[in-house]
Amino acid sequence: MHGASIPADRWRVVLVAGDNNSPAFDNGVVSLRDKLAASGVRDIRLYSSNATRVGATQLANATNLRAGLRGHDGEACLAFVTSHGERTGVYLRPDNRLFPPSALDQALTEGCGDRPTVLIVSACHSGTFINTQTRRPNRVILTAAATERVSFGCGAGDQYTYYDRCLLRNYDTATTWRELAASTRSCVEATERELGVRRSSLPQTFVGSAVAELRLPGR
């Protein structure tokens with residue numbers, strides 16, 4: 001069981017802003033990149049749907065996402081995807097199509113193997129990424145919403161999605177990914193209550209048996 005800290009410089013990180021019709025997606029990946037870098041993570045690949053995005057490695061398409069996860073000798077993987085979503089997947093604007101759970105599962109399997117792997121999908125209906133195929137003992141999966149629910153905060157005037165803002169707000173005080181998932185969900189629920197959201201997004205979490213106490217990079 002991976003309970004001890006994995007050195008920050010042994011993580012491979014792929015951050016994906018899947019759409020550019022709201023600045024919230026780019027803001028989310030850039031802010032998480034900065035937090036990870038401050039923790040000592042060095043291997044960070046940032047993919048944006050905005051071709052002129054400063055600091056982006058490449059466009060956020062399926063080919064680049066897969067390539068970003070492959071070919072590293074680190075000890076752990078983190079993939080964070082923030083975009084619009086439907087019940088069949090998460091939207092990647094450069095491909096103009098949805099990236100389904102089966103394709104992301106395959107990319108993680110090929111790129112990360114049995115290494116401890118964290119997947120965060122911040123999108124409407126993103127609970128679809130927690131299923132019998134993706135639930136593996138070496139994975140932690142956080143999603144912004146249940147399969148049948150939408151998430152909020154991706155309008156043109158939003159700095160972050162509600163989920164991303166809560167994730168970033170709680171990142172510095174969490175030790176394990178399980179703790180971060182719980183505090184992020186509580187934050188989202190409080191935000192939705194405050195704003196009078198009638199049908200809450202219900203963020204979801206899966207924690208595999210081999211990574212029950214997996215810590216955030218450098219913790």
J.: Which distance, rounded to the nearest 0.5 Å, do you find between the NE2 of His84 and the CG of Leu98?
T.: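 These two atoms lie 11.5 Å from each other.
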J.: Hey, does Arg149 have a side-chain heavy atom less than 4.5 Å from the side chain of Arg199?
T.: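 Heavy-atom side-chain distance check passes, below 4.5 Å.
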J.: Considering non-hydrogen atoms only, spot the tightest contact between Thr128 and Pro101 and give its length.
T.: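 Taking every non-hydrogen atom into account, O-CG, 3.5 Å.
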J.: Any luck finding a side-chain donor-acceptor pair between Ser201 and Glu192 under 3.5 Å?
T.: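 Yes, side-chain donor-acceptor contact under 3.5 Å.
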J.: When you measure from the side chain of Thr117 to the backbone of Arg115, do you find a donor-acceptor pair of N or O atoms at a distance under 3.5 Å?
T.: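 Indeed, once roles are kept as given, a pair shorter than 3.5 Å links the two residues.
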J.: What's the shortest heavy-atom distance between Ser5 and Gly218, and which atoms?
T.: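 Minimum heavy-atom separation between Ser5 and Gly218: OG-C, 3.7 Å.
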J.: Any idea which heavy atoms bring Ala123 and Ala144 closest together, and the distance?
T.: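 Closest approach of Ala123 to Ala144, heavy atoms only: N-CB, 3.7 Å.
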J.: Taking CD in Glu86 as the centre, count heavy atoms belonging to other residues, nucleotides or ligands within less than 6.0 Å. Is the count above 12?
T.: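 Counting neighbours around CD of Glu86, 12 or fewer heavy atoms of other residues, nucleotides or ligands fall under 6.0 Å, so no.
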J.: Spell out, as yes or no, whether a donor-acceptor pair under 3.5 Å connects the side chain of Thr147 to the backbone of His125.
T.: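 Between the backbone of His125 and the side chain of Thr147 there is no qualifying donor-acceptor contact (under 3.5 Å).
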J.: Does any non-hydrogen side-chain atom of Leu69 lie less than 4.5 Å from one of Glu110?
T.: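 Counting from C-beta outward, Glu110 and Leu69 never come under 4.5 Å.
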J.: I'd like to know if the side chain of Thr134 and the backbone of Asn131 have a donor-acceptor N/O pair within less than 3.5 Å.
T.: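 Yes, the answer is positive, given that a donor and an acceptor are paired below the 3.5 Å cut-off.
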J.: Apply side-chain contact (heavy atoms from CB on, under 4.5 Å) to Thr109 and Arg136, showing your working.
T.: CA-CA 10 Å; Thr109 300; Arg136 297 176 186 251; 3.7 Å; yes
J.: Sub-3.5 Å donor-acceptor pair from the side chain of Ser39 to the main-chain atoms of Val41, do we have one?
T.: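 No; judged by distance alone, with no hydrogens or angles, the pair does not exist.
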J.: So, Ser31 and Asp34: side-chain donor and acceptor under 3.5 Å apart, yes or no?
T.: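 There is no such pair between these side chains.
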J.: Could you check whether Arg42 pairs with Asp9 (Lys NZ or Arg NE/NH1/NH2 to Asp/Glu carboxylate O, under 4.0 Å)?
T.: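 Salt bridge flag = no for Asp9 with Arg42.
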J.: Would Ile141 end up clustered with Val16 when hydrophobic side chains under 4.5 Å apart are linked, directly or stepwise?
T.: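 Per the 4.5 Å side-chain linkage, Ile141 and Val16 are co-clustered.
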J.: Any side-chain heavy-atom pair from Glu75 and Pro7 closer than 4.5 angstrom?
T.: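 Side-chain contact under 4.5 Å: yes.
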J.: Quick one: CD on Glu213 to CD on Glu179, what's the gap to the nearest 0.5 Å?
T.: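 Those atoms lie 7.5 Å apart.
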J.: Between Thr143 (side chain only) and Pro203 (backbone N and O only), is there a donor and an acceptor less than 3.5 Å apart?
T.: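 Looks like no, no N/O pair under 3.5 Å.
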J.: Kindly give the heavy-atom pair with the smallest separation between Ser49 and Ala17, and that separation in Å.
T.: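 Minimum heavy-atom separation between Ser49 and Ala17: OG-O, 2.9 Å.
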J.: Determine whether Arg12 and Arg45 make a side-chain contact, defined as any pair of heavy atoms from C-beta on separated by less than 4.5 Å.
T.: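 Side chain of Arg12 against side chain of Arg45, heavy atoms only: contact under 4.5 Å found.
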J.: Go through it in stages, so that I can follow the logic: the residues are Phe129 and Leu104, the test is side-chain contact (heavy atoms from CB on, under 4.5 Å), and I'd like the CA-CA distance, side-chain angles, deciding distance and then a yes or no.
T.: CA-CA 8 Å; Phe129 284 88; Leu104 189 48; 3.6 Å; yes
J.: Is it possible for you to say whether Leu65 and Leu119 belong to one hydrophobic cluster, with membership spreading through side-chain heavy-atom contacts below 4.5 Å?
T.: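 Leu65 clusters together with Leu119.
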J.: Which atoms form the tightest heavy-atom contact between Ile44 and Ala37, and what is the distance?
T.: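 Between these two residues, the closest heavy atoms are CD1-N, 4.0 Å.
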J.: Heavy-atom distance under 4.5 Å between the side chains of Ile6 and Pro116, does that happen here?
T.: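 They are in side-chain contact.
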J.: Could you check Tyr162 against Ser151 for side-chain contact (heavy atoms from CB on, under 4.5 Å), going step by step and ending with a plain yes or no?
T.: CA-CA 8 Å; Tyr162 295 177; Ser151 56; over 6 Å; no
J.: Do Leu168 and Tyr160 touch side chain to side chain, with heavy atoms closer than 4.5 Å?
T.: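 Contact flag for Leu168/Tyr160 side chains = yes.
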J.: How long is the span from the OG atom in Ser209 to the CG atom in Asn138, to the nearest 0.5 Å?
T.: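 Spacing of OG (Ser209) from CG (Asn138) equals 9.0 Å.
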J.: Going by side chain to side chain contact (heavy atoms under 4.5 Å, CB included), Val118 matches just one of Val140, Leu216, Val13, Leu108. Which one?
T.: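 Of the listed options, the one satisfying the test is Val140.
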J.: Output yes when a side-chain donor or acceptor of Ser83 lies under 3.5 Å from a complementary backbone atom of Leu92, and no otherwise.
T.: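 No, because the side chain of Ser83 does not come within donor-acceptor range (under 3.5 Å) of the backbone of Leu92.
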J.: Distance only, no hydrogens: is a donor on one side chain within 3.5 Å (strictly under) of an acceptor on the other, for Tyr91 and Asn96?
T.: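 Yes, because at least one side-chain N or O of Tyr91 sits under 3.5 Å from a partner of the opposite role on Asn96.
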J.: Nearest 0.5 angstrom please: Ile120 CD1 to Leu78 CG, how far?
T.: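 With rounding to 0.5 Å, CD1 (Ile120) is 5.5 Å from CG (Leu78).
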J.: Tyr163: which residues meet the ring-ring contact (aromatic ring centres under 6.0 Å, His included) condition with it, sequence neighbours left out?
T.: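 Checked Tyr163 against ring-ring contact (aromatic ring centres under 6.0 Å, His included); zero matches.
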J.: Could you tell me whether the side chain of Thr184 reaches within less than 4.5 Å of the side chain of Cys166, counting heavy atoms only?
T.: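 Yes - at least one pair of side-chain heavy atoms lies under 4.5 Å apart.
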J.: Only one of Asn50, Asn21, Asp19 forms a side-chain hydrogen bond (donor to acceptor under 3.5 Å, both in side chains) with Arg93, so which one is it?
T.: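 The passing option is Asp19.
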J.: Does any non-hydrogen side-chain atom of Leu214 lie less than 4.5 Å from one of Thr176?
T.: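 A side-chain contact under 4.5 Å is absent here.
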J.: Do Leu167 and Tyr171 share a hydrophobic cluster (ILVMFWY, side-chain heavy atoms under 4.5 Å, transitive)?
T.: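 As far as the 4.5 Å side-chain criterion goes, Tyr171 and Leu167 are connected within one cluster.
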J.: Applying the side chain to side chain contact (heavy atoms under 4.5 Å, CB included) criterion to Thr82, which one of Val29, Asn27, Val90, Val121 satisfies it?
T.: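 Only one option passes, and that is Val29.
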J.: To the nearest 0.5 Å, what is the distance between CZ (Arg66) and CG (Asn61)?
T.: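 Reported value, rounded in 0.5 Å steps: 9.0 Å.
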J.: Verify the cluster assignment for Leu202 and Ile130: are they in a single hydrophobic cluster under the rule of side-chain heavy atoms below 4.5 Å apart?
T.: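 Looking at the clustering, Ile130 is in a separate group from Leu202.
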J.: If Ile, Leu, Val, Met, Phe, Trp and Tyr residues are connected whenever their side-chain heavy atoms lie under 4.5 Å apart, and connections chain through other members, are Leu180 and Val207 in the same group?
T.: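 They do share one cluster, since a chain of ILVMFWY contacts under 4.5 Å joins Leu180 to Val207.
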J.: Looking only at heavy atoms, what is the nearest atom pair of Cys124 and Val150, with distance?
T.: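 Nearest heavy atoms, Cys124 then Val150: SG-CB, 3.6 Å.
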J.: For Ala24, does its backbone N or O pair with a side-chain atom of Asp158 as donor and acceptor, under 3.5 Å?
T.: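 Checking the backbone N and O of Ala24 against the side chain of Asp158, no donor-acceptor pair under 3.5 Å is found.
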J.: To the nearest 0.5 Å, tell me how far Asp26 CG sits from Tyr47 OH.
T.: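 Spacing of CG (Asp26) from OH (Tyr47) equals 14.5 Å.
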J.: When you check the gap from the basic side-chain N to the acidic O, do Asp105 and Arg139 get nearer than 4.0 Å?
T.: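 Judged by the 4.0 Å cut-off on N to carboxylate O distance, Asp105 and Arg139 do form a salt bridge.
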